[in-house]
Each structure stands twice: as C-alpha cells, then as structure tokens.
Amino acid sequence: MAAKTPITVAYGDGIGPEIMKATLRVLEAAGAALEIETIDIGEKVYLRGISTGIEDSSWESLMRTKVFLKSPITTPFGGGYKSLNVTTRKTLGLFANVRPCVSYYPFVATRFPKMDVVIIRENEEDLYAGIEHRQTRQVYQCLKLISQPGSEKIIRYAFEYARNNKRKKVTCFVKDNIMKMTDGIFHEIFNQVATEYPEIQADSMIIDIGTARLADTPEIFDVIVTSNLYGDIISDVAAQISGSVGIGGSANIGDRCAMFEAIHGSAPTIAGQDIANPSGLLLSAISMLVHINQPAVAGKIHNAWLKTLEDGIHTADIFKANSSSKLVGTQAFADAVIERLGQVPANMPEVTYAENVNRINPTEWKLSQNFEEKKLVGVDVFLDYSSGPAEELGNKLSQTAIDSLKLVVVSNRGVKVWPNGLPETFCTDHWRCRFEAKDKEAGITNIEVMNQLASIHAAGFEFIKTENLYYFSGKPGYSLAQGQ
Ligand code: NAD
C-alpha cells in the first residue's frame, strides 16, 4: 500500500456534510491512500464571530497538508462576512481555477452532446483585487489590475495543463479591442507563451463573441484561458449548458497548495434530505487524487462513476423518467459507484490518468523579467467639480499649469470635453484633467506633480486622485481620451 497522503477536509454547510460523506466513502472503498484531517469552516464559524469563516488554527492544517478537499458553505445573511473562498484563494496563493465542463450525453440531458471544455481562470487579480472607491457623489470606481507575472503564470499553467492532459487547443478570451492595455498585455503574453508550445493550437477571441460561441457551439473549444471576471462568468455558462450544476467539479491550484471543491453552493433547501448529487464533489476529489499522484485510484473511481451514470442510476437533479433506470439518493448513489469500482463504461470513453500528469510546478518557472526604461511625463488629476460647463473648467484650470506642464485635455467618463468638447456629451461630477510635460524628453519629477496639485488647490478646485503618466521605453503607458 502506498504511503498515505495527508489532506485537509471540511464538511461545510447545507448539503456539504452528506455529499462529503458519500465522496469519502467512495474514496475509501477505492483504496485512496489518504490521511484525513478535518477542519470546521462556514456558517457556524461565522456565527462564532469569526468574519472570515475559518479559524486561525485551521490554517495550520492547510499549511501542513497543502491539499484541501472542501464542501460548499453557506454565507450567513447580513454584512461583515468575508468570502471564505476569496480568503482561501488569496491566502494560499491559488492562482488558477480549473473547471472541466463535460457533457455526458445521452445519460445526462444536454443540448450539447459533444462538449468537453476546460476553463482555466486567473484567480487572484483583475477586478477581484477588491480595490473600490467612491470619489464623488456620482461616481464609483473599481480598479482592474492585470500584472505581467500574474498573466504569464495563468497562461503558462493553461499550456502546461493542455500538454500534460493531451489537449489540442488553448483559446484566450480577452476584450483588448476596448481595454488595450490590461487585456492587451494578457493577449500579448498569451501569444508569446504559445510559441513555446508548438504542438498546441493557440487562438484568441473577444470575450463577448467567445461567450456567445461557447453557449452555442461548445464543441469547438478545448481549453480556454482567461482573466478573473470573464472566467467567473464563462465557467458558469459552460457548467450550466453541460448538464447540471450538481456534476461540476473544480480545482484551485497554487504554487504550493491546492483546493478542490464542487462548483455548486450549499443548496440549503435540499439539505439533510439525502437527495443531493455528490458527483461535483466526487469529480473534484478525483482531480485531487490526480494532483497528489494517485492516478490509478482516480481512474478507477472515474470509470465507476461513468458506468453508474450509463446504468441510469441517477439522483433527482439529473433523473429523467424515460432515460434513467433508478432514482437514488445521495448515499445510494455512492453505493452504486462503489459497487462498480473496477468496471469501465460501455459507451462513454474509458478514462485513464498517467503518473504525474498534473505535476505542474510553477515555482520552477522562470517568469519573464522586465527592465524597461520608465519616465514620468505628466499627471492625470481627477477633480470633483459641478460648478460649471466643461469649457469654463478647462479654461480656468489651464491657468493653474506650472511652468513645466500644460493642460492638454479634460475628459469626463473617458470622453474628451475640453478643448472643443461637444455640448451633447453628458457630464458627471468626475473629471480627468491631463497635464503633460512641455518637454517629454526631459520628463518631470514627483515634486512638479505636487506643485501642480498645490496650484490646482490654490485655485479652489477639489482634486480627488491622481494618476502619474509614464513612458516605458519611449512609449506612453496610458490610454488617450476618446476624441483626444
Ligand atoms: P446552490 O448551488 O447552492 O444552488 C443552486 C440550485 O442548484 C438550487 O436549486 C440547488 O438545490 C441546486 N443544487 C446545487 N447543488 C446541488 C447538488 N449537488 N445536487 C442537486 N441539486 C443541487 O446556489 P445558491 O442557492 O445560490 O447558494 C446557496 C448557498 O451556497 C449560499 O449561501 C451561497 O453563498 C453558498 N455558495 C457557496 C459556494 C461555495 O462554498 N463554494 C458556492 C456558491 C454558493
């Protein structure tokens, strides 16, 4: 018998305990070599006054085992509770969310019989960095942060995953026709990394048409890699059209730790009734076994599970009177899988996992370094202003420019309104006023930025934030206003 791998298990809330019990029974019957440590998470921890939903002592187990099999939790109503998933992802550095979305036609009803897509979503940055501000009475902002190393890591992970799992194509979803810098760098890095994997086809789509194609013809996709928000949305679209939310599993992978969980929530309305489908958690547990290099047990369980589906033994969420043979509850479903351990599906392809298939070790990657020359060439000063039209603001503000700077454009919600704005442009109380160096070759210093702010303040304007304008290797590191 192989040495047991320690893992941390949390039973969670709602249907969590019953699907975890079913899953662990199958794992044990299949001979998975696991040493299980159990921790408490979720509702009861929140209600003990711990706003993160997890006790400090539980981190100790997670840091030791580095492998987390997690049931869904219920987030209590009312404010002040932090998302346990976001906390876990960030604390453990789980940068990749991997979600296979497969259809099991004709055994699970779906309009897309040939779907077999893996969505790889960046998990740590983008709009989910949680940096939001309200700066004026009318305007709220959320920062979208895309980093070069963050993008390179997730894209490299996607190609490594594709190579190890014998996938043929990786598609990148971006919106770089609009967000030329943030989504632009993601796309550029995708193109660069793709050249290192010549055997894998690489292509890109704009997220809107990509999502439409995914919802309409998912069979054209293989692996999709994308940033956090887009990935969040498309992975739900993909899971929904593949059949049932009850059968989707996911892995969250980091440099050193990994977390495996079903994609669904705690389904409180069906909790405690032995009717929930344990398949989402079971499939997540299978990818955990692959991750900890127990591929034979993983394959054995996966094939028994496929055979159970083929035999028409279904829980209520996927049961169809004309095609299913037996309606079963959570534990009876687990029993049916256990009975079939050692069997393989007759119609659907048999699954085999190779040794070390997911031994992707991001700590060994040498991420690209960037030593570009950087020069300060101006500043965008944002004002809270509602005392007059754009023309008046621009004219008054241009008088405040210090010797080395000039006001070149004022925009409102990204549209140029000064000089030569159009009266039709709707303006809020949030204005971006761009001061550029008269001599960009020479550049300016932060002291000049502060002097400019002092001059604006002295003229009676209220500035609410600034963004420095830089050139990188002689090229602007900022977008132009629409119409500039
Ligand atoms: P949900 O996924 O719990 O339920 C959505 C629907 O799917 C419900 O009709 C439910 O009965 C059904 N369903 C879900 N899992 C099923 C299964 N295994 N078998 C059969 N049917 C299943 O989503 P929700 O209702 O929006 O959220 C309920 C709670 O779960 C909330 O407190 C939410 O915050 C939490 N949640 C937790 C996680 C997590 O821990 N990862 C994820 C999502 C939601």
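Whatever order the structure lists ligands and atoms in, that order sets their numbers, starting from 1. If you read the sequence from its start, that first residue is 1, and numbering goes on from there.
Under 4.0 Å from ligand 1, the heavy atoms of Asp317 that appear belong solely to its side chain. With a 4.0 Å cut-off on non-hydrogen atoms, Ile19 does not touch ligand 1 at all. At a 4.0 Å heavy-atom cut-off, ligand 1 touches Ile270 through the side chain alone. Proximity of Ile15 to ligand 1, defined as any heavy-atom pair under 4.0 Å, is confined to the side chain (atoms from C-beta onward).
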Name each donor-acceptor pair under 3.5 Å that joins a side chain in residues 200-210 to protein atoms two or more places apart or in another chain, with its distance.
{"unit_1": "Asp203", "atom_1": "OD1", "unit_2": "Thr171", "atom_2": "OG1", "d": "2.7"}
{"unit_1": "Ser204", "atom_1": "OG", "unit_2": "His187", "atom_2": "NE2", "d": "2.9"}
{"unit_1": "Asp208", "atom_1": "OD2", "unit_2": "Lys175", "atom_2": "NZ", "d": "2.6"}

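Residue contacts with ligand 1: Pro268 is included, with a non-hydrogen atom under 4.0 Å away.
Phe95 and Tyr157 have perpendicular rings, their planes meeting at more than 60° on a 0 to 90° scale where under 30° would count as parallel.
For atom 41 (N) of ligand 1, the choice among Thr74, Ile247, Asn85 with the nearest heavy atom turns out to be Asn85. The residue among Gly265, Ala10, Ser71, Ser266 with a heavy atom at the shortest distance from atom 29 (C) of ligand 1 is Ser266. Of the listed options His264, Met259, Glu261, His264 places a heavy atom closest to atom 15 (N) of ligand 1.
With respect to the salt-bridge test (charged N to carboxylate O, under 4.0 angstrom), the residues Glu55 and Arg48 qualify. Ion pairing of Lys465 with Asp380 is absent here, as no side-chain N (NZ or NE/NH1/NH2) approaches a carboxylate O to less than 4.0 Å.
Near Thr75, with a cut-off below 4.0 Å to any heavy atom, the atoms of ligand 1 are 32 (O), 34 (O).
Below 3.5 Å of separation, one finds an N or O of Asn277 facing an N or O of ligand 1.
Checked against ring pair (Phe, Tyr, Trp, His ring centres under 6.0 Å), Phe319 has no partners two or more places apart in sequence or in another chain.
Checked against the 6.0 Å centroid criterion, the rings of Phe221 and Phe173 qualify as a close aromatic pair.
Applying the side chain to side chain donor-acceptor pair (under 3.5 Å) test between Arg121 and each of Asn228, Asn252, Thr226 identifies Asn228 as the sole match.
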